[in-house]
Structure formats: structure tokens, C-alpha cells
Amino acid sequence: MTHPEPDEAMAARVRASLERQGMMATLGVELIAIERGRVQMALRHDDRLTQQHGFLHAGAVASVLDSACGYAAYSVMPPEAAVLTATYTINLLAPAAGERFAITGEVVRAGRTLVVCRGEAFADGGQRPFAVMQATMTAVFGRPGING
């Protein structure tokens, strides 16, 4: 895929889209880094997002992993495309225990309409993920009401 769009414009497009996403705002997600094909986000521990044992709820983890993968895919799409999740699988490898969680999404392979991504979630600067995701995103072109 060729990308005539400058990296700065792509990053601004990703930021603007994320700012319109109510779910990530509700969770308190912070955008840390944007590169073409890779996005990093952060989430702080919040008692409102925990399950009964005090760990971050898998639903919150999955939501942020899904968005990180989605924005990684969006970053490799042309400016006129939108991206929607087609499918994802998440593996929860350990409890989500910690105060600050780093969530990354990275493009594994991008085609014209389908983009396969890998997501990883880390706790408190750890090097081993406590959750991993594989997601397939689909590009959407020319659909009213679905943009960026």
C-alpha cells in the first residue's frame, strides 16, 4: 500500500478520531504514541473498571485492545477510509493487576480491505503481556455516517 499522507497528518487523523470515541473517554484512555501501523495507549487502574477480585475487568481490557488494534489499522488506511472491527480473539494470560496498563496495537498484515492486527496489554511496565489479541479490521469506504 502506498501512503502519500504525511505521518503528521495521519497521527492528527488518528487523534481526532479517538477524541470522538466516548468509550475510550469513559475508560480514561490516554493515547501515548502513534506510528504508521502501531498505536500505544495507556489505562490507569480505576476501581469502577474492576471485577469482583479487584483486577481490571476483561471487558475493559478487551475494549482498549480492540481500539488500539483498530487505530493501528486506521493508521495504514488512506484518509478517505474508516475502519470497523470484523472479529477479534483475546487470550487472558494472567490477571490484570497493576496501577497503569500499556496497551499496544500493531498491524501484522494489511490488505486493501482487511487488516490483521496483534494487540498486547502490559501492567506496570512489565515485559510480558497479561493479555493478547488478534483482530481483523475491515476498511469502509463511502458509507454515509461512517467516517474516520
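Please read all numbers here as calculations on a predicted model, not as lab measurements.
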Discussion item. Using the rule that Ile, Leu, Val, Met, Phe, Trp and Tyr join whenever any side-chain heavy atoms are under 4.5 Å apart, tell me whether Leu27 and Phe122 fall into a single cluster.
Written reply: no

Worksheet item: Which residues satisfy the salt bridge (Lys or Arg N to Asp or Glu O under 4.0 Å) test with Arg44, sequence neighbours excluded?
Response: none

Item to complete: Would you please test Ile103 and Glu120 for side-chain contact (heavy atoms from CB on, under 4.5 Å) and show each step?
Response: CA-CA 6 Å; Ile103 313 286; Glu120 295 181 314; over 6 Å; no

Discussion item. Minimum heavy-atom separation for Ala58 and Leu92, please, with both atom names.
Written reply: CB-CD1, 3.6 Å

Practice prompt. Let me see the working for Ile90 and Val61 under side-chain contact (heavy atoms from CB on, under 4.5 Å), right down to the final yes or no.
Written response: CA-CA 9 Å; Ile90 185 170; Val61 173; 4.3 Å; yes

Worksheet item: Does Val116 sit in a hydrophobic cluster with other residues, and if so which ones, taking ILVMFWY side chains as linked at heavy-atom separations under 4.5 Å, directly or through other members?
Response: Val108

Fill in: Arg143: partners by salt bridge (Lys or Arg N to Asp or Glu O under 4.0 Å), with sequence neighbours left out
none

Worksheet item: Gly105 and Ala72: which non-hydrogen atoms are nearest, and at how many Å?
Response: O-CB, 3.5 Å

What donor-acceptor contacts under 3.5 angstrom involve side-chain atoms of residues 124-131, with partners at least two apart or in another chain?
| residue | atom | partner | partner atom | Å |
| --- | --- | --- | --- | --- |
| Asp124 | OD1 | Glu99 | N | 2.9 |
| Asp124 | OD1 | Arg100 | N | 3.0 |
| Asp124 | OD2 | Glu99 | N | 3.3 |
| Gln127 | NE2 | Gly125 | O | 3.3 |

Worksheet item: Residues two or more places apart in sequence or in another chain: which of them pass side chain to side chain donor-acceptor pair (under 3.5 Å) with Arg109?
Response: none

Worksheet, complete the sentence: OG1 (Thr87) and CG (Leu114) are apart, to the nearest 0.5 Å, by 11.0 Å

Worksheet item: Same cluster for Tyr74 and Met23 if Ile/Leu/Val/Met/Phe/Trp/Tyr side chains link at under 4.5 Å?
Response: yes

Item to complete: List the atom of Gly70, the atom of Val83, and the distance in Å for their closest heavy-atom pair.
Response: O-CG1, 4.0 Å

Discussion item. Side chains of Met24 and Thr26, heavy atoms from C-beta outward: is any pair under 4.5 Å?
Written reply: no

Discussion item. When you compare the side chain of Thr50 with that of His45, does any pair of heavy atoms fall below 4.5 Å?
Written reply: yes

Discussion item. If we ignore hydrogens and angles and just use 3.5 Å, is the side chain of Gln51 paired with the main-chain N or O of Gly54 as donor and acceptor?
Written reply: yes

Item to complete: Using side-chain contact (heavy atoms from CB on, under 4.5 Å) as the criterion, list what pairs up with Thr85, not counting sequence neighbours.
Response: Asp66, Tyr88, Met137

Item to complete: Quick one: which residue pairs count as a side chain to side chain donor-acceptor pair (under 3.5 Å) with a foot in residues 14-25, not counting sequence neighbours?
Response: Ser17-Tyr71, Gln21-Ser67, Gln21-Tyr71

Response to the item:
The remaining residues in the hydrophobic cluster of Leu84, counting side-chain heavy-atom contacts under 4.5 Å among Ile, Leu, Val, Met, Phe, Trp and Tyr, are Val140, Ile146

Practice prompt. Drop me the distance from Leu56's CG to Leu43's CG, to the nearest 0.5 angstrom.
Written response: 5.5 Å

Worksheet entry | Gap between atom CE of Met133 and atom CG of Asn91 - 0.5 Å precision | 9.5 Å

Worksheet item: To the nearest 0.5 Å, what is the distance between CD (Glu30) and CG (Leu18)?
Response: 10.5 Å

Worksheet item: Can you tell me how far OG1 of Thr104 sits from CG of Leu65, rounded to the nearest 0.5 angstrom?
Response: 7.5 Å

Worksheet entry | Apart from Val132 itself, residues in the same hydrophobic cluster as defined by side-chain heavy atoms under 4.5 Å | Leu93

Worksheet entry | side-chain contact (heavy atoms from CB on, under 4.5 Å) involving Glu35 - partner list, sequence neighbours excluded | Arg38

Item to complete: Kindly say whether Ala86 contributes a backbone atom to a donor-acceptor pair with the side chain of Thr138 at under 3.5 angstrom?
Response: no

Fill in: Ile34 to Ala11 - nearest heavy-atom pair and separation
CD1-O, 3.6 Å

Discussion item. Any non-hydrogen side-chain atom of Met41 less than 4.5 Å from a side-chain atom of Val64?
Written reply: yes

Worksheet item: Quick one: ring-ring contact (aromatic ring centres under 6.0 Å, His included) pairs with a partner in residues 5-39, sequence neighbours left out?
Response: none

Discussion item. Within the 4.5 Å heavy-atom criterion, are Cys117 and Glu106 side-chain neighbours or not?
Written reply: no

Practice prompt. With sequence neighbours left out, write down each residue that passes side-chain contact (heavy atoms from CB on, under 4.5 Å) with Pro95, or none if nothing qualifies.
Written response: Phe55

Fill in: Flag, side chain of Arg36 to backbone of Ser75, donor-acceptor distance under 3.5 Å
yes

